[in-house]
Amino acid sequence: MQFKIAPSVLSADFGNLERDIQMINESEADWFHVDIMDGVFVPNISFGFPVMNTLKKHAKKPLDVHLMIVDPDRYITRFAEVGAAVLSVHLEACTHLHRSLQSIRGAGMKAGVAVNPHSNVSLIEDVAGDLDLVCLMSVNPGFGGQSFIENTYRKIEQLKNMQARLGVNFEIEIDGGVTLGNYKKLVDTGATVLVAGNTVFSAPEPKVMISQLKQ
Ligand code: DX5
Ligand code: ZN
């Protein structure tokens, strides 16, 4: 089973950001997962365009950007300019999700939607054909290092059923609390992209941890 690992930059050492970016470049990781938080949609503020510019300059793998911000439509073009390959907006932050997804694709990026733990995945059924990725939040967004919410497995199954029923395909990404203890079951259930922040960056050898998660 092919699946991708996307280490979350949120857990990197920002005093040594270039070093940590190089580590991911040299590792078996597939994508960089980039968490943008505005302090309004989520109770935390992460980083913005200066860090995106550093990533654009040094990262040699696709930037998978997860916007945890209100009114994301305002910034879609800017994120294309700073090198986002995949851009996910939150279902809960979009009044006109269909339009937002069209704008993301129109700006040349892959379009993703992130779904909070409390939101039912049936809510995205009518835009399923307009999606390249669904980011299932397996923690409440805002912080790295939280515990995995077990109901996520059920949501993966629901997405798989939706894909089969509608004849559509998109990546199923799991974001939050991914560990060596649960990654296999997640992939077996149908996840195709695993985000890992704390598990990678708190490991004594992050590059070795990434290889272990790829097995
Ligand atoms: C949470 C973020 C996640 C976070 C995952 O709001 O969206 O991407 O970095 O971190 P871990 O893997 O530490 O749970
Ligand atoms: Zn994320």
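Both counts, for ligands and for their atoms, begin at 1 and track the order of listing. Since the structure is predicted, the reported quantities are computational estimates derived from the model, not experimental observations. What's counted below: heavy atoms across the whole structure, side chains too, no hydrogens, waters or symmetry copies.
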Side chain, backbone, both or neither: which applies to Ser8 and ligand 1 if a contact is any heavy-atom pair less than 4.0 Å apart?
side chain
Check each heavy atom of Asp35 against ligand 1 and say whether those closer than 4.0 Å belong to the side chain, the backbone, both or neither.
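Only the side chain of Asp35 comes within reach of ligand 1.
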Distance filter under 4.0 Å to [X] heavy atoms, resulting ligand 1 atoms:
X	result
Ala196	12 (O)
Gly176	14 (O)
Asn198	11 (P), 12 (O), 13 (O)
Met68	6 (O), 7 (O)
His66	7 (O)
Pro141	6 (O)
Met37	6 (O)
His33	8 (O)

Exercise: do [X] and [Y] side chains pair donor with acceptor under 3.5 Å:
X	Y	result
Asp35	His33	yes
Ser119	Glu92	yes
Asn161	Gln158	no
Asn140	Gln146	no
Ser103	Asp73	no

Name of the Asp175 N, O or S atom nearest the Zn ion (ligand 2)?
OD2
For the Zn ion (ligand 2), give me the closest N/O/S atom belonging to Asp35, just the atom name.
OD1
Under 2.8 Å: N/O/S of His66 next to the Zn ion (ligand 2):
yes
Report the C-alpha distance between Glu125 and Arg165 in whole Å, list the side-chain angles of each, state the deciding distance to 0.1 Å, and finish with yes or no for salt bridge (charged side-chain N to carboxylate O under 4.0 Å, His left out).
CA-CA 10 Å; Glu125 185 157 328; Arg165 202 159 20 86; 3.0 Å; yes
Check whether any N or O atom of [X], backbone or side chain, sits under 3.5 Å from an N or O atom of ligand 1, and answer yes or no.
X	answer
Met137	no
Ser11	no
Asn140	no
Thr199	no

At what distance is the nearest protein heavy atom to [atom], and which residue and atom is it?
atom	answer
atom 3 (C) of ligand 1	Asp175 OD1, 2.9 Å
atom 14 (O) of ligand 1	Gly177 N, 2.8 Å
atom 11 (P) of ligand 1	Gly145 N, 3.6 Å
atom 10 (O) of ligand 1	Gly144 CA, 3.6 Å
atom 12 (O) of ligand 1	Gly197 N, 2.8 Å
atom 1 (C) of ligand 1	Phe143 O, 3.5 Å
atom 6 (O) of ligand 1	Gly142 N, 2.7 Å

Which heavy atom in [X] sits nearest to a heavy atom in [Y], and how many Å separate them?
X	Y	value
Leu10	Gly144	CD2-N, 3.9 Å
Ile174	Ser138	CG2-OG, 3.3 Å
Ser122	Met162	CA-CE, 4.2 Å

For Glu26, look at atom CD and say whether over 12 heavy atoms of other residues, nucleotides or ligands are found less than 6.0 Å away.
yes
For Arg19, does the CZ atom have more than 12 heavy-atom neighbours from other residues, nucleotides or ligands under 6.0 Å away?
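Counting other residues, nucleotides and ligands, CZ of Arg19 exceeds 12 neighbours.
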is_close_aromatic(Tyr183, Phe148), centroid dist under 6.0 Å
no
Side-chain donor/acceptor of Lys61 to backbone N/O of Asn25, under 3.5 Å
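Yes; judged by distance alone, with no hydrogens or angles, the pair exists.
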Is any NZ, NE, NH1 or NH2 atom of the basic residue among Glu171 and Lys4 found under 4.0 Å from an Asp or Glu carboxylate oxygen of the other?
yes
